Amino acid sequence: MICIKFYDGFLKDYPSGITPIEIALDMNEKKAREVLSASINGHQVELSTPITKINIQIVFYSWENTLGKKAFWHSSIHLLGQTLLQIHPQAKLTIGNPIENGFYYDVDLVDGPQQNFSSNLEERMLENARKNSIFELYSIYKAKSLDYYKENLYKIDIIKNLQEGDTTFCSNDDFVDLCRGTHIFSSGKIKYVKILNSSGVYWHSDEKNQQLTRVYGISFPNEKHMNEYLLKFEEAKKRDHRKLGKELDLFNFSDNVGAGLPLWKTKGTVLRRSLEDFLMRAQKKYGYEMVVTPHIGNKKLYKISGHIDKYENDSFLTRFSHHFGEEILLKSMNCPHHCELFKSQSWSYRDLPKRFAEFGNVYRYEQSGELHGLTRTRGFTQDDAHIFCTTDQLVDEFHRVIDLVLYILKSLGFEQYTIQISLRDLKIMNKYIGKEQNWKKAEEDIIEAVCNKNLPTKIIHGEAAFYGPKLDFLIQDSLKRNWQLGTIQIDYSLPERFDLQYQGPDNLLYRPVIIHRAPFGSLERFIALLIEHTGGNFPFWLSPIQVILIPISEKYIFYAEKILHLLYKYGIRSNIDLRSEKTGKKIRDAEINKIPFMAIVGEKEMYDGTISIRAHTIGNMGKFTFEAFLELLFNEA
RNA sequence: GCCGGUGUAGCUCAGUAGUUAGAGUGAUUCCUUGGUAAGGAAUAGGUCAUGAGUUCAAUUCUCAUCAUUGGCUCCA
């Protein structure tokens, strides 16, 4: 007998060799139907694997749990693989994975990549699912598995990198696949399948390798969950900043101006300016000083900084003068300019930290396939600053920057973000410049600063900048794609390359450290994410138009204009709807334009000198005196 | 940059299996002067992304380019 402890602490004895699915059925037959996966002593296991260990703790997962969904989608990958082979018998399966919403399988279709899969694929997957075959995981000797896949070089490649005990296979129905699990019990649970899209990818993500077809799909145990997902997906698409940007008249692109170069309309400009003002005020409190540097710079500047070696092909060349032997580029970063500013005078240790801030417009030739609305452009505005400090001040200063970034995110309602410590990839060291000891120190500094702050972070190797490690703040867009917004970077390299110095208390010259930082990252990208998070319903202080006056008829325009001028006097961004439309139409349009407040004025209001207020998405708030309305507005702001 | 999809009026989209196009909405003008999410009418607005090719004839078919879009790769 073995003793099983359940999640809620309940204990029960079972015969050795019992499987998790049998335990689930024994506990509650109805609930067992919802069980998709289980873990034993914290390790996710197959539902069909007999348990022999005594004294174990078991936890079951349903659809509501990420691990349950993961097992469900993992199992769906097998159905996809099986069905793809039925349709394309020559195809070579490679690697499949469950993802946040669904799963994918990379397959070499032999005839070259193909991306049009008919609904036939979905139907045949479901036919296979209905056979309700059990997913069984078992180990095979490495040599035998290599033999099994002698026609499939991709699988051989994977197996060669596995340890002897790790070559496990999964079989269900007539299909066998190299697999490490974990699966749901049987395929019949998979009731609905959607093939979402597919694209060409390279084996091991290397463009020198064979091109494969990646087929994305998603599956569900019932119609309700599928409809929920589809509805959410539709809702998410409505929040797309490219769509809302057009609808709310914020920005625009023109083929004549060029790809990836946003044109900011008047309303979008108000939004930008408001954000800039907000950040400037916040930074002032943190001791930043504003600077302005040109949009272009001499190539030799970027030679000193080291950027040119890495990014020359991604820079815009503006002018080449043979006579003077100089080349001038559009700037793609502000740090070299700020270093030159720092160098323009001598500094005492008493002057540090020195914090130079600039809304710097930079231009980078992003690959055509990378351009994406405002989140990836070829011209954008960094809310950049460079802090020149002593090594003693570094960690403390880093804390202050973290505080600032967190304050910004909180003020704008971003509650969910990932904080990522981006370090070097120790396998590709030629990507980085600077001395080993400086890198080590910088990486330790970041980790120390973050540990002190007790922030939930994850460490990712290979995401560092070429001159130093970073702390990145990542936020998801409406379609769950991650974007890096805020970033804080420690740099021992540029101070050396620019030979930056300050005079210490002992009269000797010392090298400062630079912290590069941008809380928004790029203003364009930040606004894109802000649009998607608010769905275009901006907080009052950011709304391009804050109040719209709606006269009931032409007779009350005069009164409305009086109110408008009063609002102007208090700096409220206001407008009047002068069209000869009915009130209902004007209100509808104001609601669609997401204007926070509508002020409706007619005979009644004119008679007693009031205004009727309707708040966006809230509705009629009744009559207000102008003073009472102002108070309401200032509470909003 | 790579593999697919898409490109028709300011916007959202129909349509033409080859004979130079239509709706809704927005815009303009007129009527209407209305009370919390769409009042009515008329008018203007398109070399059907661009360039080549096939054809008696191309917005429609083919190719290329550009833009855009979903992934991949990249992201100082």
Side-chain angles (χ1 to χ4, degrees), chain A residues 104 106 112-117 196-209 211-216 240 242-243 246-247 249 252-256 258-260 302 305-311 313-315 331-336 362 364-373 375-377 380 382 384 431 433 463-468 470 472 479 481 483-484 487 489 491 494 516 518 521-522 525 550-557 579-592 598-605 612-622:
Chain A
Y104 68 83
D106 288 351
Q114 182 202 328
Q115 289 175 33
N116 294 314
F117 295 97
L196 298 173
N197 55 46
S198 51
S199 70
V201 297
Y202 295 98
W203 175 236
H204 285 327
S205 300
D206 188 335
E207 66 179 2
K208 290 191 281 293
N209 288 337
Q211 188 149 37
L212 311 171
T213 302
R214 174 170 297 178
V215 185
Y216 286 91
D240 190 315
R242 293 165 296 187
K243 186 174 153 63
K246 220 182 265 180
E247 287 170 4
D249 269 339
N252 183 254
F253 289 90
S254 148
D255 285 6
N256 289 333
Y302 309 119
S305 71
H307 286 94
I308 206 74
D309 297 332
K310 295 222 68 103
Y311 297 112
N313 288 335
D314 304 323
S315 301
K331 81 172 165 185
S332 51
M333 75 298 297
N334 306 297
C335 28
V362 296
R364 300 173 179 180
Y365 184 81
E366 303 288 0
Q367 298 184 67
S368 58
E370 299 311 331
L371 299 174
H372 184 97
T375 51
R376 197 77 185 268
T377 58
F380 61 97
Q382 288 180 319
D384 211 355
K431 264 175 77 173
I433 61 165
E463 290 288 309
F466 73 93
Y467 50 75
K470 307 190 286 174
D472 293 324
L479 292 174
R481 292 174 289 216
W483 296 97
Q484 179 200 303
T487 180
Q489 308 165 4
D491 183 359
L494 285 188
H516 305 240
S522 128
R525 181 179 289 179
I550 300 180
I552 297 282
S553 83
E554 279 172 15
K555 283 181 274 179
Y556 314 106
I557 288 179
R579 297 173 303 167
S580 78
E581 292 287 352
K582 288 179 126 181
T583 310
K585 170 71 169 165
K586 292 181 184 176
I587 287 172
R588 177 183 152 80
D589 288 345
E591 289 283 355
I592 289 169
M598 286 150 262
I600 296 145
V601 290
E603 191 177 354
K604 286 181 262 173
E605 289 77 10
S612 283
I613 299 303
R614 180 188 164 106
H616 172 53
T617 69
I618 293 169
N620 194 349
M621 298 177 76

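Throughout, a chain's letter reflects where its sequence line sits, starting with A, and its residues are numbered from 1. Keep in mind the model is a prediction, meaning the values are calculated, not measured. Side chains are part of it too, since the values below use all heavy atoms of this structure and drop only hydrogens, waters and symmetry mates.
- Across A49(B) and C30(B), the matching C1' atoms stand 37 Å from one another, rounded to whole Å.
- Pairing of A44(B), defined by two Watson-Crick or G-U wobble distances under 3.5 Å, is not identified with any nucleotide.
- For L371(A), whose side chain is taken as the heavy atoms from C-beta onward, the closest listed nucleotide among G35(B), G71(B), U68(B) is U68(B).
- Between Y104(A) and Y216(A), the two ring planes are tilted [angle within 30° to 60°].
- Taking atom C1' in both G45(B) and U6(B), one finds a spacing of 24 Å when rounded to whole Å.
- For G71(B), the OP1/OP2 oxygens have no side-chain nitrogen or oxygen of H372(A) closer than 4.0 Å.
- The interatomic distance linking R614(A) (CZ) with G35(B) (P) rounds to 15 Å, in whole Å.
- When rounded to the nearest whole Å, the span between CD1 of I592(A) and C1' of G26(B) equals 12 Å.
- Look at Y556(A) and you won't find any side-chain N or O under 4.0 angstrom from OP1 or OP2 of G34(B).
- Between N209(A) atom CG and G1(B) atom P there is a gap of 21 Å when expressed in whole angstrom units.
- Remark: A57(B) base-pairs with no nucleotide in the shown strands. Criterion, Watson-Crick or G-U wobble with two distances under 3.5 Å.
- Nearest heavy-atom pair across I552(A) and Y556(A) is CB-CD1, 4.0 Å.
- Neither OP1 nor OP2 of G70(B) sits under 4.0 Å from any side-chain N or O of R214(A).
- Within a 6.0 Å radius of CD in E603(A), no more than 12 heavy atoms belonging to other residues, nucleotides or ligands are found.
- Base pairing of G18(B): no nucleotide in any strand meets the Watson-Crick or G-U wobble criterion (both distances under 3.5 Å).
- One distance of note links NZ of K555(A) with CD1 of I557(A); it measures 12.0 Å at 0.5 Å rounding.
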### Where protein sits on nucleotides 45-52 of chain B, one letter per nucleotide: B base, S sugar-phosphate only, - none, heavy atoms under 4.0 Å
--------
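- Remark: the R579(A) side chain and the A27(B) base include no donor-acceptor N/O pair separated by less than 3.5 Å.
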What pairs of nitrogen or oxygen atoms, one from the protein and one from nucleotides 73-76 of chain B, lie under 3.5 Å apart?
| unit_1 | atom_1 | unit_2 | atom_2 | d |
| --- | --- | --- | --- | --- |
| U73(B) | OP1 | S205(A) | OG | 3.0 |
| U73(B) | O2 | E370(A) | OE2 | 3.4 |
| U73(B) | N3 | E370(A) | OE2 | 2.2 |
| U73(B) | O4 | E370(A) | OE1 | 2.6 |
| U73(B) | O4 | E370(A) | OE2 | 2.8 |
| C74(B) | O2 | R376(A) | NH2 | 2.9 |
| C74(B) | N3 | E370(A) | OE1 | 3.2 |
| C74(B) | N3 | R376(A) | NH1 | 3.1 |
| C75(B) | O2 | R376(A) | NE | 3.4 |
| C75(B) | O2 | R376(A) | NH1 | 3.1 |
| C75(B) | O2 | R376(A) | NH2 | 3.2 |
| A76(B) | O4' | Y311(A) | OH | 3.4 |
| A76(B) | N1 | S332(A) | OG | 3.3 |

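- Nucleic acid contact class of K310(A) (heavy atoms, under 4.0 Å, all strands): none.
- Here the closest heavy-atom approach between residue K470(A) and residue A464(A) is recorded as CE-C, 4.3 Å.
- Remark: A38(B) base-pairs with no nucleotide; criterion is Watson-Crick or G-U wobble with both hydrogen-bond distances under 3.5 Å.
- Using a distance-only test at 3.5 Å, with no hydrogens or angles considered, a donor-acceptor pair links the side chain of K586(A) to the main chain of R579(A).
- Comparing the C1' positions of A57(B) and C75(B) gives a spacing of 50 Å, expressed to the nearest Å.
- G53(B) and G46(B) have their P atoms separated by 27 Å, with the value rounded to a whole Å.
- When rounded to the nearest whole Å, the span between CG of L196(A) and P of G5(B) equals 18 Å.
- Residue contacts for N620(A): at a heavy-atom cut-off of 4.0 Å it reaches a base atom on one of the strands shown.
- E605(A) has its CD atom 14 Å from the C1' atom of G34(B), to the nearest Å.
- Across the protein-nucleic acid pair, I550(A) atom CD1 and U36(B) atom P stand 12 Å apart, rounded to whole Å.
- Between U55(B) and G18(B), the two C1' atoms lie 9 Å apart (nearest whole Å).
- Judged by distance alone, with hydrogens and angles left aside, the side-chain atoms of R525(A) form a donor-acceptor pair with the main-chain N or O of Q484(A) at under 3.5 Å.
- The partner of A23(B) is U12(B), by the rule that a Watson-Crick or G-U pair needs both atom distances under 3.5 Å.
- Looking only at distances, a side-chain donor or acceptor of K310(A) sits under 3.5 Å from a matching main-chain atom of K431(A).
- One can place CG of D240(A) at 8 Å from P of U69(B), the figure rounded to the nearest angstrom.
- In this structure, R242(A) does not reach the U68(B) phosphate: none of its side-chain N or O atoms is under 4.0 Å from OP1 or OP2.
- Between N197(A) atom CG and U6(B) atom P the separation is 14 Å, expressed in whole Å.
- Separation of the C1' atoms belonging to U60(B) and C2(B) is 30 Å when rounded to the nearest angstrom.
- Picking from U33(B), G70(B), G35(B) the nucleotide with the shortest atom distance to the side chain of S612(A) gives G35(B).
- Taking atom P in both C13(B) and G70(B), one finds a spacing of 14 Å when rounded to whole Å.
- Note on E591(A) versus R614(A): salt bridge recorded, some NZ/NE/NH1/NH2 to OD/OE distance being below 4.0 Å.
- Note that OH of Y467(A) is 4.0 Å distant from NE2 of H516(A), once rounded to the nearest 0.5 Å.
- For the residue pair E605(A) and G602(A), the shortest heavy atom distance occurs at OE1-N, 2.9 Å.
- Across U50(B) and U8(B), the matching P atoms stand 10 Å from one another, rounded to whole Å.
- Scanning both residues, D472(A) and T487(A), for their nearest heavy atoms gives OD1-OG1, 2.7 Å.
- When all heavy atoms are compared, the tightest approach of S305(A) to I433(A) is O-CD1, 4.1 Å.
- Of the nucleotides present, A64(B) is the one that pairs with U50(B) by Watson-Crick or G-U wobble criteria, both distances under 3.5 Å.
- Rounded to the nearest 0.5 Å, atoms CG (L212(A)) and CG (D106(A)) are 5.5 Å apart.
- Y216(A) comes within contact range of the sugar-phosphate backbone alone, with a heavy-atom separation under 4.0 Å but no base atom that close.
- Contacts between residues 580-588 of chain A and RNA chain B, defined by a heavy-atom separation under 4.0 Å, are made by S580(A), E581(A), K582(A), T583(A), G584(A), K585(A), I587(A), R588(A).
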